[in-house]
K.L.:
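First, the structure itself, so that you have it in front of you.
Treat the numbers as computed from the prediction; the structure is a model and nothing was measured. A, B, ... follow the sequence lines: proteins, then strands. Residue 1 opens every chain.
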Amino acid sequence: MRALGNALGRHLGLTLAVLLFLLFYGVYNLFHPKGFTTAVLIQNTNESFALVMAAMAQTVPVLAGGLDLSVGAVMTMVNCLASYLLAGSPAAMLGGVLVCLAAGALAGFLNGCVVVYGRLQPIVATLATGAVYLGVALWLRPTPGGAVDQDLAWALTNDLSELADTYGWLDGETAWFQAIAWLPVPLLLMILVVLLVWLPFRETVTGRTVYAVGSSEPAAFMSGLAIDRARLAAFTLAGFLAGIGGLYLAIQTSSGNADVPQAGAYTLNSIAAVVIGGTSLLGGSGGAAGSLVGALVIRAISFNFRIFDVPPLVQPLFEGIVLLAAVSLGAGRVFRVKNRLQLMT
Amino acid sequence: VLGLSTVLAALPAAAKPKVVQGPGYLPACFKPWSEQTKFFQWEAKPGPYRIALVNGFVGNTWRIQMIQTAKAFAEQPGIKDKIKEFKVISTGTDAAAQLGAIEDFINQGFDAIVTIAVSPEGFDRVIRLADRNDVVIVPFDNVLDTDAVMQVNEDQLEMGRMSARFLLKELGDKKSGKILEVRGLPGNSVDRDRHLGFREVMGKEAPGFEIVEIVGNWDDGTAQKATADALAVHNHFDAVFTQGGSTGTVRAFLDAGHPMVPMAGEAENGFRKLIAQYKDKGLKGFSYGQSPGLAAISMKAAIAALEGNKMPQLVSVPIPYADYTTLEDGKNYWSNLSDNFFTPNEFPPCDVNITAVEIMGKTSENVK
Amino acid sequence: MTRTPKLAADDRPILIASLFVLVILALGSGYTLLTQGSLAFLTPTYLLQQLQVAAFLGIVAAGMMLVILLGHIDLSVPWTLAAGAMMATAVGGPLALPVGVGVGLFVGLLNGLGVAYLRVPSMIFTLGMNAVLRGLMVMHTGGFAPQTHATELMAWLATGRLLGLPMALLVWMLLSALMVLLLQRTVFGRYVYAIGNREAASYLSGVPTRAVLVGAFVLCGGCAALAGVLLAGYSTKAYQGMGDPYLLPSIAAVVIGGTHILGGRGRYAGTVVGTVLITLLSSVLSVMQMAEAGRQVIYGLVIIVMLLAYGRTQKLQA
Amino acid sequence: MTRTEAGGPVPPAPAPLLELRGIAKRYGGVRALEGVDFTCRPGSIHAILGENGAGKSTLIKIMAGVVQPDEGEIRLEGERVRFAGPAAASRAGIVAIFQELSLVPDLSVADNIALADPPRRFGLIDRRAQRQRARAVLARLGCEDIDPGMRIKDLPLSRRQMVEIAKALALKPRLLILDEATSALTAADVERVFRLLRELRREGLALLYISHRMHEIAALADTCSVFRNGRHVATFPQGSRSGREIVRLMIGRDITQVYPPKPERPQPVPPCLEVEGLGWEGRLNDLTFRVGRGEIVGLGGLDGQGQRELMLALFGVLRGLSGTIRLEGRELALTGPAQAKSPACGMALVPEDRKTEGLLLPMTVRDNLSLAALPRLSRAGVVDRDRENEAVAAMIRRLRIKLGDPADPVATLSGGNQQKVVLGKWLMTGPRLILLSDPTRGIDVGTKQEIYALMRELADQGAAILFYSTDYDELIGCCDRVLILYDGRIVRVLEGAAITEQNIVASALNLGEVAA
Ligand SMILES: Nc1ncnc2c1ncn2[C@@H]1O[C@H](COP(=O)(O)OP(=O)(O)OP(=O)(O)O)[C@@H](O)[C@H]1O
Ligand SMILES: Nc1ncnc2c1ncn2[C@@H]1O[C@H](COP(=O)(O)OP(=O)(O)OP(=O)(O)O)[C@@H](O)[C@H]1O
Ligand SMILES: [Mg+2]
Ligand SMILES: [Mg+2]
């Protein structure tokens, strides 16, 4: 069926990413003494969560045709903020969570404003705002620290049964619960974010407009779409997702840390993840689900260093080469294209 | 905390190390931090052991030297036969990745994990898991703000204090003037502690001095630029306390033609070379050092703990230092070798006898 | 219409940035006047010293500008710089300089091939290249106990003086002269702007677009490595991570200089001014003992305010 | 009130749907529209005629809210309105299909058809409903073959244009405007569209139809309005004027001797380009033809039948060609334009879309003119400023390019002068084989004449010219021979007297001998 071939061709990037992930992660689990167990899954998902969020955040502005170099900074800022707000009564903590998410969204919204109303290029605009957000983070946490409710931290970084135990919910025996008790909370959260945030957004008119703007701005305008609103929405959502990442980072490390290099690393890795996940940096095609896989690929690469005996001082080189190879996979296109003009983007 | 206890209630009895009375094992090597320091004791485990070293950032000489030392130590007779498997990985400056790696090694059933923390916070989860699985975690160098694990470090506060005392000694009866303080990486606990120690003594014993602070990031280039700027504006300093990137600071003084003054700094070979070279011109230098050998000591501590010995919760490794009077080429610095490596590496009381030269001086063979 | 309006459009950023440089000096002087009772920032010593330090960033930015003019970017600059320096010192002797710069040119070649022939987005390809270089340098230092001492020549080029001017500054000036010649006078320069404006149109006009792309990346790598060699001379040694403080500042310098991040527009003079601005700003903040948080915020705001001041309404789509 | 000229009163008509009064629009110095009154009524198809740049598109962009008029008012059923943007206009029932396609390439057909306001459930887009809607509209256009799930970028140009029309229909317009919306359609599609339009007319829609094809207008329109450089010159019932009269209205004078005379030349001319069995990706099929020195060979046929690909193939842009190309006897395997333009080959290509493929709009006229010839204007890679300026000045004089200063951005030039710059850029390289892809598009009649003359002059100097045009009048006037392409094949070769409107149209629509 032609449509099927089309669908596959359209998601070629994503397909490749999934295969890569299955390869790296499969090998890792095969050779891991406790491979394919909940313990390993919990650890892996915990480790990947923040990067996954950063990658999904990066995806939205990229789809609209612009990079967001402040993703890591927003994440770090929210992380530092959260390290003050995630303690005390359940109500207080809930409030804290909401404040953190709002802060992330606000930061993203400000990015959007600078881009839309300031008419600055997203790359430079977010390069600058990113520095500002890092400044705020450093102001919030000149040195690492903070207190996060221990139960919360423990419960959210384990599987569902631990979650239930910790808060004494439906004393874990219930049959249906047993079926899903092994699910790691972070994995569940990733899935929820995709199902409750990304997919719905993509199906709204605004989300559709994000794609349209990235694909062809003039066409979007001619069709009477609300371009500015879409851009604002894209950056706001990016901030929101980065915020979730920062929030989880705080829960996971039960502290806030305004680590500038770490922020930079997350931003750059998020871009790599987006590309590996099959989203075009030119905008218009791809999706956050792909970036999720892309992020997992990046993580899965380094997982393997813990299994195989790669000399420690060779690891960085190895990592670099694999990354370079992974992002170069898309290059196959070059040899298929029959009209050289199409290579000129 | 309160929450913690409720969780632990929910857990299968976590096998925390017993808190016991001293004295500890091999006190010459594992010196308790203070009188208050408590002692830990784990169930003795039969060896040989599987040990992992989880490093963070790798892109600087100190870390590379540290990794080399650890690997050499693992091969050392008397240690080699106690180690079944020794794995080293670097996670980069990413807390999530480092915590993940540690947890992964716990899952893999390693017996001990020595690590340089990316952040002094956030290890609660892995510590808890380690306790549940009888795994000994030993943070060193960048240690944690907790007393729930055994840690190995030199006293960063003391480094600041020593430096202050040395400078005051050299300044003699001069009780006022300007002192330049070149700080390290902002937000890092080591930077914080060395700074506090320095200020503590200066504040107490010589409040008359104006202290000018600049940020050097422990990076020679950055320190050199920042120092040059400070010199151009302040024209004269009576003494300098610098935290790494020390050679950069001296270079800036040379470039500016500023007379050499008493200077306390890190233990880079380059800095000691310069002291030796300019001590007669007034570079009364003091060089304290964070030794990459800490890795080896931490490994030894981990093994000792696994063997069921009593271990201090916080092991204080004496600060190796030298000053312009005690420098000796080929002994505590090497004029024919690279500036970048860190001179103090061995620590005989722990029979960590791998010298910096053996590590950083040897050429090509084993690129591991 | 005559040239003037178009020129004004491109000169505006340069003028504004220059004014801002004066503002920074004024504020700094105000500070020193209050605290030291001196006008240290206005002394020739200080200004020359700033220009000397600016030279390193300026050389990196020059290469970065070429790549940005093409609508690309080079994120491998930090470790290209470090690799150049470390290789130079490792080889030592008369070969140090050529080898160091050669490393940069070679890295640039690889970047160029990846971007121009494989068509991998430069943002990503150079990022990977940076990681690879870091890996190589880590192995290098760990495995081969390399010599890291800068040669006499390197030291002289970085810290020496000629007619009272720092050599580094002279090197930068020489390079700048070449850059101006390259961009204004040569076919290559004209092609760079053409491709930056519209690669398809340039290609159909018979411009060897791929060769130009590769060439630009090669030059960018060469500049980064040259800066590394000089920097090693400045601190008399090469060391890991010496390039890290140069990535974002070099991009910022180019952008503040009025070069369009999507390529095709921008004048070299702007990049020079942008470099001076960034260098002075960080120096003044350092002297003011401004906390890290404050610095970050100020950097960010400066970039935004400057760009808004240029009031360039650009098409948002690449 | 619409002005009507003596001769045939306007038939009693229903109340106007949309009225424009005293509309004026300027772009910088250019008067796009000036004091235009215009009315369109439900249940009629109203054709707009005019030279390129007469203001047709601008008028429509104003109706559809894409641009705002500088003066004048718009009344919708008597109510004064002001459309903030295309969205507002389409809410009011005014929908336009523009010259430049307004489809989003990365989205599916269904997505595009429902782009503006898709069917929603709980605020989310209802894909099934959207798909059904798309199917329905496409069916109405007789395009069941288009899969709503396909991405636009995977569709051929003609299909896209049908989707464009479907998209407009889906908005349930009261006034539907088609601006040269059929330029790329196949004969069958054109018929379908016409049937549809007539049907819509019966349903009482008001329709505006813009086309440069007289026969289409004759076949379709009830009323015609003629525009000339921004002014509305006349409105009259279709059929009440002869073609000649209409042309006079459009151009303001009779076209006397627009085209330079075609010289009689001894047959056969020495060959310059010989193509045998050229094929590419099924878009070019087994093309065989030759162009002699001093010959102007036309490429005819509907838009998008492979003419563009042929040009690109000859210029070395396309990969994976089959067949052979011989230039001046030597067989060619070009690696790209750089080689094609080299003195060894001496080719030049004036591409279809001057704004994206021909020019670097923000760069100066000088830079644009000298771009292709730079190697020969420089020594050791350094541009010789003096030689460059001389050459540029000479070219500006030769082509009579109107500009302020060679250092102005080329974007500030008029469409016609922009096109002259593209031509000039290539003349600077002294080409021996010139490929012209619709070089007179969007260019006023005066400039056109200059270009025709220039082409003939070059031919007489021995250049071989391959000339693609969508305007068959040009082909008739300029070409020694005309190749008609259909679906990437040469369906007919017309020579000398056989080059007639009927023949071209007939073979272009691939109707065999039937006249249009
Ligand atoms: N974007 C623009 N900027 C400046 N001037 C413009 C622009 N678009 C059109 N014009 C001017 O308005 C005049 C009318 O243009 P318009 O496109 O309406 O002509 P047209 O009748 O549609 O020509 P065609 O038959 O080629 O479509 C043109 O001569 C041009 O000079
Ligand atoms: N970007 C621009 N900046 C300034 N003026 C422009 C620009 N684009 C077009 N124009 C003006 O519009 C005229 C040519 O525009 P344009 O090419 O759209 O006219 P056109 O003949 O209708 O072309 P087309 O029919 O292909 O759109 C010139 O007079 C020019 O002054
Ligand atoms: Mg037009
Ligand atoms: Mg038009």
K.L.:
Within a radius of less than 6.0 Å around CZ of Phe106(C), do more than 12 heavy atoms belonging to other residues, nucleotides or ligands occur?
P.N.:
no

K.L.:
Side chains of Leu118(C) and Phe335(A), heavy atoms from C-beta outward: is any pair under 4.5 Å?
P.N.:
yes

K.L.:
Compare every heavy atom of Phe125(C) with every heavy atom of Ser328(A), then report the nearest pair and how far apart it is.
P.N.:
OG-CE1, 3.9 Å

K.L.:
Looking at Glu292(C) and Leu138(A), what are the two nearest heavy atoms and their distance?
P.N.:
CG-CD1, 3.4 Å

K.L.:
Roughly how far, to the nearest 0.5 Å, is the CG atom of Leu341(A) from the CD atom of Glu199(C)?
P.N.:
10.0 Å

K.L.:
Is Ile73(C) in contact with chain A via its backbone, its side chain, both, or neither, using a 4.5 Å heavy-atom distance?
P.N.:
neither

K.L.:
Can you tell me if Phe318(A) has over 12 outside heavy atoms packed within less than 6.0 Å of its CZ?
P.N.:
no

K.L.:
Please look at Val260(A) and chain C and tell me whether the side chain, the backbone, both or neither of the residue comes under 4.5 angstrom of a heavy atom of that chain.
P.N.:
side chain

K.L.:
Looking at OG1 of Thr209(C) and CZ of Arg340(A), how far apart are the two atoms once the value is rounded to the nearest 0.5 Å?
P.N.:
10.5 Å

K.L.:
Check whether Tyr133(A) gets within reach of chain C through its side chain, its backbone, both or neither, counting any heavy atom under 4.5 Å.
P.N.:
neither

K.L.:
On a heavy-atom basis, which atom in Ile304(C) and which in Ala128(A) lie closest, and how many Å separate them?
P.N.:
CG1-CB, 3.3 Å

K.L.:
Which region of Ile271(A), side chain (C-beta onward) or backbone (N, CA, C, O), has a non-hydrogen atom less than 4.5 Å from a non-hydrogen atom of chain C, or is it both or neither?
P.N.:
both

K.L.:
Check Leu317(A) against Met139(C) and note the closest heavy-atom contact, atom names and distance.
P.N.:
CD2-SD, 3.6 Å

K.L.:
Can you tell me how far the CD1 atom of Ile303(C) sits from the CG atom of Leu120(A), to the nearest 0.5 Å?
P.N.:
11.0 Å

K.L.:
For Val120(C), is it the side chain, the backbone, both, or neither that has a heavy atom closer than 4.5 Å to a heavy atom of chain A?
P.N.:
side chain

K.L.:
With a 4.5 Å heavy-atom cut-off (strictly below), which parts of residues 64-71 of chain C touch chain A? List them by number.
P.N.:
none

K.L.:
Please report the closest heavy-atom contact between Ala293(C) and Gly135(A), naming both atoms and the distance.
P.N.:
CB-O, 3.3 Å

K.L.:
What part of Met137(C) gets within 4.5 angstrom of chain A, counting heavy atoms only: side chain, backbone, both, or neither?
P.N.:
neither

K.L.:
Identify which of Pro316(A), Ala326(A), Ala325(A), Ala73(A) forms the greatest number of heavy-atom pairs closer than 4.5 Å to chain C.
P.N.:
Pro316(A)

K.L.:
Side chain from CB out, backbone as N, CA, C, O: work out which of these in Leu248(C) comes under 4.5 Å of a heavy atom of chain A, or both, or neither.
P.N.:
side chain

K.L.:
Counting only non-hydrogen atoms closer than 4.5 Å, does Leu323(A) touch chain C with its backbone (N, CA, C, O), its side chain (CB onward), both, or neither?
P.N.:
side chain

K.L.:
Check whether any side-chain heavy atom of Ile124(C) sits under 4.5 Å from a side-chain heavy atom of Leu281(A), and report yes or no.
P.N.:
yes

K.L.:
Could you pull out the closest heavy-atom pair between Gly320(A) and Ala131(C), with the gap in Å?
P.N.:
CA-CB, 3.6 Å

K.L.:
Need one label for Leu67(A): side chain, backbone, both or neither, based on atoms under 4.5 Å from any heavy atom in chain C.
P.N.:
side chain

K.L.:
Against chain C, label Val275(A) side chain, backbone, both or neither, depending on which of its atoms sit under 4.5 Å from a heavy atom there.
P.N.:
side chain

K.L.:
Under 4.5 Å heavy-atom distance to chain C, tell me which part of Leu268(A) shows up: side chain, backbone, both or neither.
P.N.:
both

K.L.:
State the CZ-CG distance between Arg119(A) and Leu308(C), to the nearest 0.5 angstrom.
P.N.:
12.0 Å

K.L.:
Distance check, rounded to the nearest 0.5 Å: Arg295(C) atom CZ versus Leu134(A) atom CG?
P.N.:
14.5 Å

K.L.:
Sort Leu75(C) into side chain, backbone, both or neither according to what part of it lies under 4.5 angstrom from a heavy atom of chain A.
P.N.:
side chain

